[in-house]
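Here the structure comes first, spelled out in structure tokens, and everything after it is commentary.
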Amino acid sequence: MDDSKLTPEDKQLAEKLGIAGSSETEQAFYLQKFQEALELRVGMVLEDTLSDAQVAEFETVSKQGGDAFGWLKQAVPDFDAIVAREQAALLEEIKQDTDKAQAILSKKAKGDKA
Amino acid sequence: METAPTGFAAHVAAEQAIHDRMAEADRQAAHDAALEQLRFSPEVQQLNSMAEVEIWGTHGHTRSYHNPATGEPLTEPVKGLVNEMRENRRYGTTQAEREDKARAYEDDIQKLQDEEGLELCQAKLVMDMRQEDDAAWALMTGKRIAEGKDPQEAWTEIGHRYMKKDAWRLKHIKEQGIFTADGWAHRSRSANPGQDDPTAVLGGGTVEADGWNDAFPELEARSRSLEGARAEYVRLSAGRSGKAFRIGKEFSEESVSDAREQYEEEKQELIEYEIDMLREAGFTDDELADAGYVRKGAILEANRLATDTSIQRLINTGKYEWKDIHDPATGETRHRLVRESPPSTVRGDIKKLFRGWWGTKGGDKLFSRSNAKVIAKRAAVVGAIPAAVAGAYISMPITLGVAGAMAANKTAGKLLNFRPGKRDGRGRDELWIDQARHESLAAIQDLERRGSTLADLDIADQIDEQTEARIAGNRKRRAIQLGATALGAVGGGVGGTFVKY
């Protein structure tokens, strides 16, 4: 039986981030950090997309306990695309930083051998 | 300029290299053999027996149990750490929490044996050291916060170092055959510890600084430098985007591009420094790559950049104002960024807004953690919040107690002139918003998950215990309070990730 605390989606994302080899607690921590970054990035795009009036309406729907998510999906038709794009961009930025670090490692390793 | 040897010199150099490699192989083989022999020695088996009793106790009786050190029969049953965890409220306010901690401890012990090939006594040693780390981690975080450091940053950065330290220490314990705390202390005092004689590490002594901390000041300085470059890049880039688009030379594309370049350079330099540091600590390049430190560092940096950018954009709207607000409940004045119109209702709003979204029981199932699109949906809802209700959670109380460092009527416009990188104690305010956000979100997550209140978290008690003897007077009280605020929220928000006991 798989008693993992991570969902299959978590594990998939951990693979993409290259942290699947770490302990579950560590993975959970870094997945959380990734998720926070994604939330903010998507939030900033949505903020630009919605008008002030729409934001006010969203706030009202939220505060009245309405279907905030449904409202948002309707107000931002390409919502899924925005999320997918931001997630891909974030993964790419992390990959680029990782690649840079790997390049530094390779350079130092070569320097050691020379 | 030094050149590569040629002719006879090249031949001598090649001979020497072969000789060195053979000598090294011989030395390693001898070391491994001695280590293997030591693992099966009566001394280590005795240490394993001691560790077993310390961890699992004597199951309520003394029959057939002897003190491994003296050989004398035990006169009193030993409860054992795992049973203590299940029973002592210090390890959790509910039975389920305590059971979780006990199970996690046992799992970690097993994992260290199965995956790292450690003896039971070595696994216990590692766990003991992790427990000390957790206490020191909490203490250091509390101290840093008391000194004005952003709680979230302090928690993450110090935690990252301790994780690195744990991996570094584990490597030495395993490779050098260290089985006891005294053995580790001996290794710490030695310039070339345990390299040639694994048995030497069983000697006596007390724990001393292992040299790791020596690297902190430089690392800290470099992190600060990166922070400054990031802040400047964020300030300029956020000024060119969003609804509060700013024009003028300062916010030109060229300025943003230059700032981005500077930020990337600083980031690269920090990565390079960290790699050097870890290599000096004995990590091979393969190990560094496998451990994923660079990937994890990249994730944290992406998080910081997104957070800082979001905050800067919020400040750019000009709808927020810093205020010193007196909290009659604690008697302290707190510095908060509040939205003036309409006034935010703070905590009540947050609970209302977030309840059910992260809940695993009841609430909106669309936002349950098991939902495949959970990230997207959370992103949607939380993402709209910066413009809609950010004021509510941004003005959550942050017990930082540094109100005196700020004037009472700072505006968002004035804040744009601050540079966190300068560390003058004032620019930090921008980062505190980050803390408020994380604290609020994490607190709600925690509340939802536990169906309980933050007051139930036992972290504050743990910090209190660990710092009791070390910090005097008001400073102690404040550090404990600050540490508890940060750790309670942040630790809870990541599922208690780093609080293992």
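Just so it is clear, the values below take in all heavy atoms, side chains as well, and ignore hydrogens, waters and symmetry mates. Just so we're on the same page: letters track the sequence lines, and every chain starts at 1. The model shown is predicted, which means the values in this text are computed figures rather than measured ones.
- In this structure, the side chain to side chain contact (heavy atoms under 4.5 Å, CB included) partners of E116(B), at least two apart in sequence or on a different chain, are L112(B), L118(B), L170(B), K174(B).
- The choice from Q12(A), K100(A), E86(A) that makes the most heavy-atom pairs within less than 4.5 Å of chain B is K100(A).
- With a 4.5 angstrom heavy-atom cutoff, L90(A) touches chain B only via side-chain atoms.
- Annotation: side chain of I104(A) is not in contact with side chain of E269(B) (no heavy-atom distance under 4.5 Å).
- With a threshold of 4.5 angstrom between heavy atoms, E264(B) approaches chain A through side-chain atoms but not through N, CA, C or O.
- Here E92(A) pairs with Q96(A) under the side chain to side chain donor-acceptor pair (under 3.5 Å) rule; sequence neighbours left out.
- For NZ of K95(A), the number of neighbouring non-hydrogen atoms (other residues, nucleotides, ligands) closer than 6.0 Å is 12 at most.
- You'll find the side chain of I299(B) reaches within 4.5 Å of the side chain of I19(A), heavy atoms only.
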